[in-house]
Undergrad: 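There's a structure below that I have some questions on.
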Amino acid sequence: MSLSLQPRMSRHLAIVPALNEAGSIAQTVTEIRQYAEGFDVLVVDDGSLDDTAAIAAAAGARVISMPFTVGIGGAVQCGYLYARDNGYMVAVQVDGDGQHDPRDIGRLLAALHEDPPVEMATGSRFLGDQDGYRPSRARRAGIAVFAALVSLITGQRVTDATSGFRMSARRGIELFARDYPHDYPEVEAILLLHAHRLRVREVAVTMRARTSGRSTIARGVQPYYMAKVLFAVFVGLLRARPALERDRP
Amino acid sequence: MTVLELALAKAPPTYQRVAVIAIAVLVLVLVVELVRRRRLMERYALVWLLAAAGLFVLGVWQGLLTTLATDVGIRSAPNALFALGFAFVVALLLSLTLVISRLSDQNKALAQRLALLADRLAELERERSER
């Protein structure tokens, strides 16, 4: 079986993971097509029980439907597999719930190519002055812990390690297609890039309160989230450095 | 002494040994039957066969458990048995979670592959019908 490189309209892809987001997916897709010129829109429907897939397709997105819910990590990775197999050079993740403002995609793209070029640009809620959506106090505390930890490990100031609004260039796409955490992948993904000596840059963005649906990090699983990610970070440090790609020294 | 201990002390050791051997044989038969019906894979049956064999040996070989327990400094033979059984169960649980982890990984990869192939197929069919 070969997934050949297809000539596409664009070499830029927006990956929108969505699980039961029928209420907001149309707006997200429409906004990306409106404000992120040159980006193909791929909605990865992670086994939704509502009409998410049909609504997304009607709004003009290409839709890939997982046969059942595999979780945010598996769904997003499926998007990166698609991007890799179809020859996309840039892929941006945009949540289907309306938290991420597609107007910021252009700024992420500029940051990706700014000198020196980086492999991933992430949208940070805590860079610059913010007047947008603010998470709860408990959530902010957790976010601060991970930001400090990731800053310490990477030796670079990271203000928002848990942001899911991120854009990768080709090497990042190939890396994530190969290896991506199962659940709560944001923090680990940054460290994965760092382990491969690929650079990351943050861009100040404004996040909005979700317009529908529910966070995967509900109140009850917050301690599990903290423990899982902390443990994964710790084990990641013990793991032998992943082999570098052949064409890199 | 509790009532149970009294009862055990009074019971002729032969009964206990027969009971242990019977349980071991029962486990053995059950495992073989499950494998025969293809409900249990040989790979996972082996550990149960080993456990049944161990139980069988302990039942047949009188005094083995006591000797082993004394050798490692456990004064009461039943405690040695409990420790052994507990270690076995923990090891088994760990191996099961290993199996589950591998299966979830493969499951995820399969789901992704299926979703991508379904998309590709739909596209090819669209192209063909347009021609």
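Residue numbering restarts at 1 for every chain, and letters A, B, ... go by the order of the sequence lines. Since we're looking at a predicted model, the values are computed, not measured.
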Undergrad: Calculate, to the nearest 0.5 Å, the distance between atoms CG and CZ belonging to A:Leu175 and A:Arg170 respectively.
TA: 12.0 Å
Undergrad: Checking heavy atoms, do the side chain of B:Ala111, its backbone, both or neither come under 4.5 Å from chain A?
TA: both
Undergrad: Give a yes or no on whether the backbone of A:Ile143 and the side-chain of A:Thr162 come within a donor-acceptor separation of less than 3.5 Å.
TA: no
Undergrad: Report, as yes or no, whether the 6.0 Å neighbourhood of atom CZ on B:Phe86 holds more than 12 heavy atoms from other residues, nucleotides or ligands.
TA: no
Undergrad: Relative to chain B, which segment of A:Tyr80 carries a heavy atom at a distance below 4.5 Å: side chain, backbone, both, or neither?
TA: neither
Undergrad: Inspect the surroundings of OH in B:Tyr44 and state if more than 12 heavy atoms from other residues, nucleotides or ligands are less than 6.0 Å away.
TA: yes
Undergrad: Select all residues of residues 99-110 of chain B having any heavy atom within less than 4.5 Å of some heavy atom of chain A, and report them by number, or 'none'.
TA: B:Ser104, B:Asp105, B:Asn107, B:Lys108
Undergrad: Below 4.0 angstrom, N of the basic side chain to O of the carboxylate: do B:Glu130 and B:Arg126 qualify?
TA: no
Undergrad: Is the count of non-hydrogen atoms from other residues, nucleotides or ligands lying under 6.0 Å from A:Phe234 atom CZ greater than 12?
TA: no
Undergrad: Tell me, for A:Val44 versus chain B, whether the close heavy atoms (under 4.5 Å) come from the side chain, the backbone, both or neither.
TA: neither
Undergrad: Checking B:Phe88 against B:Trp48 for the ring pair (Phe, Tyr, Trp, His ring centres under 6.0 Å) test, could you report, in this order, the C-alpha distance in whole Å, the side-chain angles of both residues, the deciding distance, and whether it holds?
TA: CA-CA 10 Å; B:Phe88 171 74; B:Trp48 290 113; 5.7 Å; yes
